[in-house]
Colleague: 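First, the structure itself, so that you have it in front of you.
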Amino acid sequence: MKNNGAGYQDLNDLKNHLFYIITFYFILLGPVLFFYGAYLFYQEGEYVTATLEFCLYFVAVFVLLNWKTNLRFKKLFFLLICYFVSVLVLFVAGPMGAGMVCVTVVLVLSGSLLDRRWVLKFITFNLFTFVLITILLDRGFFNEFAIADYGSIWLIVAVSSQVLGIGLLFIIQTIDDELDKQSKIVAKAKEKLEISEQKYRYLSYHDHLTGVYNRLFWEEEQKRIGSENQLPISIIIGDINGIKLINDAFGHEAGDRIIIETARIMKSCCHDDALMARTGGDEFSILMPKTSRETALERMDEIKEAFILHNRRILNEAFHINVALGSGTKEKPHGDLKQTIKRAELYMNSRKLLEQRSSHSTIISSIKATMYEKSHETEEHSERLAALSRMVGEALKLSQIELDHLELLATLHDIGKVGIDDRILGKPGKLTDEEWLEMKKHPEIGYRIAAASPELVSISEFILSHHEHWDGSGYPKGLAGEAIPLLSRIIAVTDAYDAMTENRVYRKAMDRESAIAEIKNNAGTQFDPEIAKLFAGMMKQTEERIIGRID
């Protein structure tokens, strides 16, 4: 409750402030009180007492004004001086009651200036003094003083005054304790409020994911730095390639890890007064006052080298970080800093166009490798499926573009399985309802991955529909009949045949005749009846040719 215009930090600060006020008036009014008291003692012939009281004032002033003296000692000394003077008044005033009033006032003052421990000591000292006065008074030591006039009522007056003084003192202590408790509650609430304000300020200006500054702070700093003498001012802007592919293939947690690591690497390359912020979902910007164009280009090279070193430590190329970078420099006072930022963005976007295709191709290749590893399917399966699908496509007289799409679809139709839990993909037994619901998500995951890649966007709809059934009982959309894309219907038949004739973790392979029979049985329900009939006939002809060659 320290006095800062809004109160004090705690009760001790309040007591200290009260002590300074009291001592100020003590020093100001002391000469009148002490000198008058000394004069009264002098009139009574108490020359030693008069001299003693006269000197006490100057000693008290010296101690109170000496800045080297401990504050607690000052308080005790001041109270003892006041107590001693009160006792002197008690001796001289006698039954007038002024002395008892002074002693009571000093007791109350002790409660207002000292903490509980020292108040208890002061009470003990006070009681000891009154017991000693009572004993000496009874033995006639003070017969020449007015205090002796109390006579037989001394004990009643002494005890009642002590009870009153100590009672008031304890009331003050109770009030002090309550004030102290309330001040601690207020202080704690104030501390919580300050912490909340600091947290709010931090969250207002920092990105919650990476911990670097956010766009709001970035915009404000542009105005501040742009208006100061900070030229030349350089900007570096970086945008992560393929982050949407990573999010769609491996989930947003994987994408977030890439973003966090990108922020860490770029931050480590910032020097001196450079300010870095996350200015978009996958975009970071660095503001560098008093940095020339040449230095900015050097910083860009440092950032590129840092990413190269990072990528060397990552085995899975899908998680390599590829960042397109651009820079701009404002060298003259006139002109807007936003134009410099725009130049850096244009440079960065041109680099992104050049790098994005190769970056996406690398990620797609890594996703394919991960798909083969997770789904326990092989490239041989993809090659067989591509050959079977092409055979059907040629029989249906599809165009060359459609045949190319069909071959690509045969290779990547299950790409969405990279987003399915390994325990579900590799489970040897029957899937539970919850696991089956999770498994059924892979066409949608595959669709998002394909739609995010320029190389695969043409087959994204086919990937989404490759588990739809002719009778509408499939997933994820429940399409039926010719509403299902033709290429998806072809893959549904050829993939089912190859899956049935190969060993899986959850069952053994069927023979070819049984697999073809299963295809025929499900024609018109699971499979397009025309394609199922065509495929069954082609497989029978192929088998007959093989038998004829053997014979």
Colleague: Please examine the side chains of Leu231 and Lys290, heavy atoms only from C-beta on, and report whether any two atoms are closer than 4.5 Å.
Modeller: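 No, side chains not in contact.
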Colleague: Are more than 12 heavy atoms, taken from residues, nucleotides or ligands other than Tyr447, located less than 6.0 Å from that residue's OH atom?
Modeller: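 Counting neighbours around OH of Tyr447, 12 or fewer heavy atoms of other residues, nucleotides or ligands fall under 6.0 Å, so no.
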Colleague: Quick one: does any side-chain atom of Ser488 pair with a main-chain N or O of Phe462 as donor and acceptor, under 3.5 Å?
Modeller: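 A pair under 3.5 Å: yes.
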Colleague: Heavy-atom count check: over 12 atoms from other residues, nucleotides or ligands less than 6.0 Å from Arg201 CZ?
Modeller: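 Correct, the count exceeds 12.
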Colleague: Are any side-chain N or O atoms of Ser389 and backbone N or O atoms of Ala386, one a donor and one an acceptor, separated by less than 3.5 Å?
Modeller: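 Side chain of Ser389 to backbone of Ala386, a donor-acceptor pair under 3.5 Å: no, none is there.
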Colleague: Before accepting this row, confirm whether a basic side-chain N of the pair Lys441/Glu438 lies closer than 4.0 Å to the acidic partner's carboxylate O.
Modeller: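 Salt bridge present between Lys441 and Glu438.
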Colleague: Under a 4.5 Å cut-off applied to non-hydrogen side-chain atoms, are Leu425 and Met439 in contact?
Modeller: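 Yes. Closest side-chain heavy atoms under 4.5 Å.
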Colleague: Please determine whether the number of non-hydrogen atoms from other residues, nucleotides or ligands lying under 6.0 Å from atom CD of Gln400 exceeds 12.
Modeller: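 Result for CD/Gln400: enclosed.
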Colleague: Please check: side-chain N/O of Thr411 versus main-chain N/O of Leu409, any donor-acceptor pairing under 3.5 Å?
Modeller: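 No, Thr411 side chain to Leu409 backbone: no donor-acceptor pair under 3.5 Å.
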Colleague: Is any side-chain heavy atom of Ile233 closer than 4.5 Å to one of Thr340?
Modeller: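 A side-chain contact under 4.5 Å is absent here.
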Colleague: More than 12 foreign heavy atoms under 6.0 Å from CD of Glu197: is that the case here?
Modeller: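 Correct, the count exceeds 12.
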Colleague: Using a 3.5 Å distance criterion without hydrogens, assess whether the side chain of Asp207 forms a donor-acceptor pair with backbone atoms of Thr210.
Modeller: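 Between the backbone of Thr210 and the side chain of Asp207 there is a qualifying donor-acceptor contact (under 3.5 Å).
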Colleague: After noting the C-alpha distance and the side-chain angles of Glu402 and Ser399, does the key distance pass the side chain to side chain donor-acceptor pair (under 3.5 Å) rule?
Modeller: CA-CA 5 Å; Glu402 289 175 313; Ser399 68; 3.2 Å; yes
Colleague: Heavy-atom count check: over 12 atoms from other residues, nucleotides or ligands less than 6.0 Å from Asn316 CG?
Modeller: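 Yes, enclosed.
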Colleague: What do you reckon, are the aromatic ring centroids of His413 and His467 less than 6.0 Å apart?
Modeller: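 No, the ring centres sit 6.0 Å or more apart.
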Colleague: Are the side chains of Leu487 and Leu398 in touch, meaning some heavy atoms are under 4.5 Å apart?
Modeller: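 Result yes, sub-4.5 Å side-chain heavy-atom pair found.
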Colleague: How long is the gap from CG on Asn241 to CD1 on Ile321, to the nearest 0.5 Å?
Modeller: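 Rounded to the nearest 0.5 Å, the CG-CD1 separation comes to 11.5 Å.
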Colleague: Heavy atoms, side chains only, cut-off 4.5 Å: are Leu245 and Ile449 in contact?
Modeller: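 Touching, per the 4.5 Å side-chain cut-off.
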Colleague: How many angstroms lie between OH in Tyr200 and OH in Tyr205, if you round to the nearest 0.5 Å?
Modeller: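 Taking OH in Tyr200 and OH in Tyr205, the distance rounds to 8.5 Å.
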Colleague: Could you label the plane-to-plane angle of the Tyr213 and His206 rings as parallel, tilted or perpendicular, counting under 30° as parallel and over 60° as perpendicular?
Modeller: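 Geometry flag for His206 against Tyr213: tilted rings.
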Colleague: Between the main-chain N or O of Pro443 and the side-chain N or O of His466, is there a donor-acceptor pair closer than 3.5 Å?
Modeller: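 Checked: no pair found.
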Colleague: Hey, is Arg390 close enough to Glu394 for a salt bridge, meaning N to O under 4.0 Å?
Modeller: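 Result for this pair is yes, salt bridge flagged.
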Colleague: Please enumerate all residues that pass side chain to side chain donor-acceptor pair (under 3.5 Å) together with Arg264, with sequence neighbours excluded.
Modeller: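 Per chain and number, Arg264 pairs via side chain to side chain donor-acceptor pair (under 3.5 Å) with Glu261.
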Colleague: So does Leu456 get a backbone contact from the side chain of Ser460, meaning a donor-acceptor N/O pair under 3.5 Å?
Modeller: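 Not confirmed, Ser460 side chain does not pair with Leu456 backbone.
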Colleague: What distance do His442 atom NE2 and Asp414 atom CG have between them, rounded to the nearest 0.5 Å?
Modeller: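 One finds 4.5 Å between NE2 of His442 and CG of Asp414.
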Colleague: Drop me the distance from Ile237's CD1 to Ser285's OG, to the nearest 0.5 angstrom.
Modeller: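 Separation between the atoms: 4.5 Å.
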Colleague: Under the 3.5 angstrom rule, does the side chain of Asp256 hit a backbone N or O of Ile259 as a donor-acceptor pair?
Modeller: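 Here the side-chain-to-backbone pair does not exist.
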Colleague: Shortest non-hydrogen contact from Leu431 to Glu435?
Modeller: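 It is CA-OE1, 3.5 Å.
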Colleague: Hey, is CG on Leu315 packed in by over 12 heavy atoms from elsewhere, all under 6.0 Å?
Modeller: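 At most 12 heavy atoms, drawn from other residues, nucleotides or ligands, come within 6.0 Å of this atom.
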Colleague: Compare every heavy atom of Ile303 with every heavy atom of Cys269, then report the nearest pair and how far apart it is.
Modeller: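 Of all heavy-atom pairs spanning Cys269 and Ile303, the closest is CB-CG1, 3.6 Å.
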Colleague: The test is side chain to side chain contact (heavy atoms under 4.5 Å, CB included); show your working for Met391 and Met539 and say whether it passes.
Modeller: CA-CA 10 Å; Met391 183 177 68; Met539 293 307 296; 3.9 Å; yes
Colleague: Which pair of non-hydrogen atoms, one from Val212 and one from Ala263, has the smallest distance, and what is that distance?
Modeller: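 Result for this residue pair: CG1-CB, 4.3 Å.
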Colleague: Measuring from Ile341:CD1 to Gln339:CD, what's the distance to the nearest 0.5 Å?
Modeller: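 Going from CD1 on Ile341 over to CD on Gln339, the span is 9.5 Å.
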Colleague: Whether Lys188 and Glu191 form a salt bridge (side-chain N of Lys/Arg under 4.0 Å from carboxylate O of Asp/Glu) is what I want to check.
Modeller: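 No.
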Colleague: Show me the donor-acceptor pairs, under 3.5 Å and distance only, between side chains in residues 473-480 and residues at least two apart or in other chains.
Modeller:
from	atom 1	to	atom 2	distance (Å)
Ser473	OG	His469	ND1	3.0
Ser473	OG	Asp471	OD1	2.7

Colleague: Can you list the steps and then say if Phe250 with Arg257 is a side chain to side chain contact (heavy atoms under 4.5 Å, CB included)?
Modeller: CA-CA 11 Å; Phe250 301 105; Arg257 286 195 296 272; over 6 Å; no
Colleague: Answer yes or no: is there a side-chain heavy-atom contact under 4.5 Å between Val392 and Thr494?
Modeller: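 Of all side-chain heavy-atom pairs linking Thr494 with Val392, at least one is under 4.5 Å.
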Colleague: Evaluate Glu305 against Asp301 for side chain to side chain contact (heavy atoms under 4.5 Å, CB included), listing each step before the verdict.
Modeller: CA-CA 6 Å; Glu305 187 61 32; Asp301 289 338; over 6 Å; no
Colleague: Evaluate whether atom CD1 of Ile401 has more than 12 neighbouring non-hydrogen atoms of other residues, nucleotides or ligands under 6.0 angstrom away.
Modeller: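 Incorrect, the count does not exceed 12.
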Colleague: Let me check something: any side-chain donor-acceptor pairs from residues 525-538 under 3.5 Å, sequence neighbours excluded? List them with distances.
Modeller:
from	atom 1	to	atom 2	distance (Å)
Thr525	OG1	Asn522	O	2.9
Asp528	OD1	Glu530	N	3.0
Asp528	OD2	Arg489	NH1	2.7

Colleague: Looking at Asn214 and Ser204, would you say the former's side chain and the latter's main chain have a donor-acceptor pair under 3.5 Å?
Modeller: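 Indeed, once roles are kept as given, a pair shorter than 3.5 Å links the two residues.
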Colleague: Closest heavy-atom contact between Asp248 and Arg448?
Modeller: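 Answer, listing the atom of Asp248 first, then Arg448: OD2-O, 3.0 Å.
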Colleague: For Lys540 and Ile516, run side chain to side chain contact (heavy atoms under 4.5 Å, CB included): C-alpha distance rounded to whole Å, both residues' side-chain angles, the deciding distance at 0.1 Å, then the answer.
Modeller: CA-CA 9 Å; Lys540 187 175 181 181; Ile516 292 171; 5.6 Å; no
Colleague: For Tyr202 versus Gly211, what's the shortest heavy-atom pair and its separation?
Modeller: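 Between these two residues, the closest heavy atoms are OH-O, 3.7 Å.
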Colleague: Measuring from atom NE2 of His252 to atom CG of Asn247, what distance do you get when rounded to the nearest 0.5 angstrom?
Modeller: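 Output value for this atom pair is 4.5 Å.
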Colleague: Any ion pair linking Glu219 and Lys338 (charged N to carboxylate O, less than 4.0 Å)?
Modeller: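 Between Glu219 and Lys338 there is a salt bridge, with a charged N closer than 4.0 Å to a carboxylate O.
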Colleague: Got Asp433 and Leu437 here, is their nearest side-chain heavy-atom distance under 4.5 Å?
Modeller: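 Asp433 vs Leu437: side chains apart.
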Colleague: Between Ile463 and Gly446, what is the shortest heavy-atom contact and its length?
Modeller: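 Smallest interatomic distance, heavy atoms only, reads CG2-C, 3.8 Å.
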Colleague: Donor-acceptor pair, Ser465 side chain versus Glu468 backbone, under 3.5 Å?
Modeller: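 Flag not set: sc Ser465 to bb Glu468 has no pair under 3.5 Å.
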Colleague: Is there side-chain contact between Lys430 and Trp436, with at least one heavy-atom pair below 4.5 Å?
Modeller: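 Contact flag for Lys430/Trp436 side chains = no.
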